Amino acid sequence: MSKVLIIGCGGVAGVAIHKCCQNSEVFTEICIASRTKSKCDDLKAKLEGTTSTKITTAQVDADDVNQLIALIKEVQPDLVMNIALPYQDLTIMDACLACGVNYMDTANYEPENLDDPEWKAAYEKRCKEEGFSAYFDYSWQWAYKEKFEKAGLTALLGSGFDPGVTQAYCAWAQKHLFDTIDTIDILDCNGGDHGYPFATNFNPEINLREVSAPGSYWENGHWVEIPAMSIKREYNFDQVGQKDMYLLHHEEIESLAKNIPNVKRIRFFMTFGQSYLTHMKCLENVGMLSTTPIQFEGHEIVPIQFLKALLPDPATLGPRTKGKTNIGCIFTGKKDGQDKTAYIYNVCDHEECYKEVGSQAISYTTGVPAMIGAMMLLTGKWNKPGVYTVEEFDPDPYMDALNKWGLPWQVNDNPELVD
Ligand code: NDP
């Protein structure tokens, strides 16, 4: 029925591609294109014979708009799925506009080089105006709204788990459970153990930047920013148990604050063990998380990229990881004049994910919604010209697809609340 160009072939893309191949009725043909073509060829060899989806591969540097345009013209896809890195969001959106093709991704734009003067000036202005200092934000991609509208094309931003599924939970709660939502707490718990003293579950550079940044939350119409890891809570997660969790800035807070009417507070918490935090603090203190290039024995190196080369590749954690993830949203608000609470969440088992697609649950919980977001666009369920986040569409077909394609969710009407 449709042809898709998938850019990137890392941990998350690997799962999304497996899932597209399980759903050949929608994904009749896919082209996997990435910087390292051999990874695309290896995955193609693994999947061919198990699926009726036709698979081709290509090499592309997605930082280069001209290369992307040439590839899109050659492949002629109905949709480009960007599952490379957030650094490539804008170049891929530009190429989609130039070729008249719909776009989707799993994370919002941030620049690779934080010293770029043009980006830095806009960043400093935004920090002052908005009041949060994370390097990533939606402004860069929201700026494409008019261009996509005029071109009659849809761009779906952030269809992973968080962002992504968490916003579908919010839209579904708004549609079916509440008249007004007062507070949203997004809780992201990974109870998995991979046996390494320190490793990240997805791209280390993106992950460590996110976690080492100041935290922030939305309250009464504005951002409140706090030092990194300075708000800690304990929570007893279904099927995982008691965990420490910390308040982080997270990208979906920005769009939810705009799209959930009259919401008073939105926070995001993620669980971390003490070993992870101690390693991260130490690496940060010695400068290993820096993105500023340094000279070392005649070579220019970027410390965080060198660190990435030393750390285990997240795509290899699958066979070692045991335990479960539990990610969801706790809502408080009103229905028919009465106070109401609800907790919508998914529990995912690392070992089950590995058995099914050869990946751990973090890649799985992101790659499945990437396939589902693409399916919403390809089947015409979520088409409106412009640039949108998940909560701006009808959540019902997406929530049904989560149950069908491996991320079933449940609702607890009487959850423990986070103070
Ligand atoms: P990986 O590092 O495992 O994979 C990234 C892939 O992109 C690799 O195949 C890499 O190629 C390719 N790539 C990088 N730069 C380029 C380039 N210039 N041109 C072409 N290909 C390129 O990352 P993950 O799979 O862990 O993450 C993928 C995305 O998912 C990220 O944007 C991440 O932020 C997002 N994410 C979203 C989550 C959510 O819940 N919404 C959760 C987790 C991740 P090569 O093999 O050559 O390095």
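Since the structure is predicted, the reported quantities are computational estimates derived from the model, not experimental observations. Numbering of ligands and ligand atoms starts at 1, following listing order.
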Numbered atoms of ligand 1 (with element) below 4.0 Å of Val60, judged on heavy atoms: 19 (N), 20 (C)

Between Asp115 and Lys120, is there a side-chain heavy-atom distance shorter than 4.5 Å? yes

Please indicate whether His299 has more than 12 foreign heavy atoms, meaning atoms of other residues, nucleotides or ligands, lying under 6.0 Å from its NE2. no

Below 6.0 angstrom between ring centroids: does that apply to Tyr398 and Trp382? yes

Flag the pair Glu356 and Lys19 as a salt bridge only when some basic side-chain nitrogen lies within less than 4.0 angstrom of an acidic carboxylate oxygen. yes

Distance to 0.1 Å, residue and atom name: give those for the protein heavy atom nearest to atom 9 (O) of ligand 1. Cys9 N, 2.9 Å

Atom 22 (C) of ligand 1: nearest protein contact (heavy atom, Å): Arg35 CB, 3.9 Å

Of all the non-hydrogen atoms in the protein, which one sits nearest to atom 27 (O) of ligand 1, and at what distance? Val12 CG2, 3.7 Å

Any luck finding a side-chain donor-acceptor pair between Gln141 and Asp105 under 3.5 Å? yes

What atoms of ligand 1 come within less than 4.0 Å of a heavy atom belonging to Asn203? 2 (O), 23 (O), 26 (O)

Got a sec: does the CD of Glu118 have more than 12 other heavy atoms crowding it under 6.0 Å? no

Tell me whether Ser34 reaches ligand 1 (any heavy atom closer than 4.0 angstrom to a ligand atom). yes

From the list Tyr345, Phe161, Trp172, ring-ring contact (aromatic ring centres under 6.0 Å, His included) with Trp409 holds only for Trp172

Numbered atoms of ligand 1 (with element) below 4.0 Å of Asp162, judged on heavy atoms: 39 (C), 40 (O), 41 (N)

Could a heavy atom of Gly158 be found less than 4.0 Å from some atom of ligand 1? no

closest protein heavy atom to atom 35 (C) of ligand 1 is Thr106 OG1, 3.2 Å

Side-chain touch Asp89/Trp140, heavy atoms, less than 4.5 angstrom: no

What do you reckon, does Ala107 have a nitrogen or oxygen under 3.5 Å from a nitrogen or oxygen of ligand 1? no

Return yes when Pro163 approaches ligand 1 closer than 4.0 angstrom through a heavy atom, no otherwise. yes

Phe198/Tyr276 under ring pair (Phe, Tyr, Trp, His ring centres under 6.0 Å): CA gap, chis, key distance, verdict: CA-CA 6 Å; Phe198 185 72; Tyr276 182 97; 5.1 Å; yes

Under 4.0 Å to a heavy atom of Gly11 - the qualifying atoms of ligand 1, by number: 3 (O), 25 (O)

Enumerate the atoms of ligand 1 whose separation from the nearest heavy atom of Phe161 is less than 4.0 angstrom. 39 (C), 40 (O), 41 (N)

Close N or O approach (Phe202, ligand 1; < 3.5 Å): no

Going by heavy-atom distance to atom 29 (C) of ligand 1, choose the closest among Ala84, Gly10, Gly8. Ala84

Closest protein heavy atom to atom 47 (O) of ligand 1, given as residue, atom name and distance to 0.1 Å: Thr36 OG1, 2.4 Å

Any side-chain heavy-atom pair from Ile72 and Pro77 closer than 4.5 angstrom? yes

Protein contact to atom 42 (C) of ligand 1 [nearest heavy atom, distance to 0.1 Å]: Thr366 OG1, 3.2 Å

Which ligand 1 atoms, with their elements, are less than 4.0 angstrom from a heavy-atom of Ala62? 17 (C), 18 (N), 19 (N), 20 (C)

Lys39 heavy atoms within 4.0 Å reach ligand 1 at atoms 45 (P), 46 (O)

Identify, for atom 5 (C) of ligand 1, the protein heavy atom at the shortest distance, and state residue, atom and that distance. Leu85 CD2, 3.8 Å

Spatial distance of atom CD1 (Ile30) from atom OG1 (Thr57) [nearest 0.5 Å]: 10.5 Å

Would you mind reporting whether Leu156 and Met376 have side-chain heavy atoms less than 4.5 Å apart? no

Report, in ascending order of atom number, the atoms of ligand 1 lying under 4.0 Å from any heavy atom of Asp63. 18 (N)

Counting only heavy atoms not in Lys384 (residues, nucleotides, ligands), do more than 12 fall under 6.0 Å from its NZ? yes

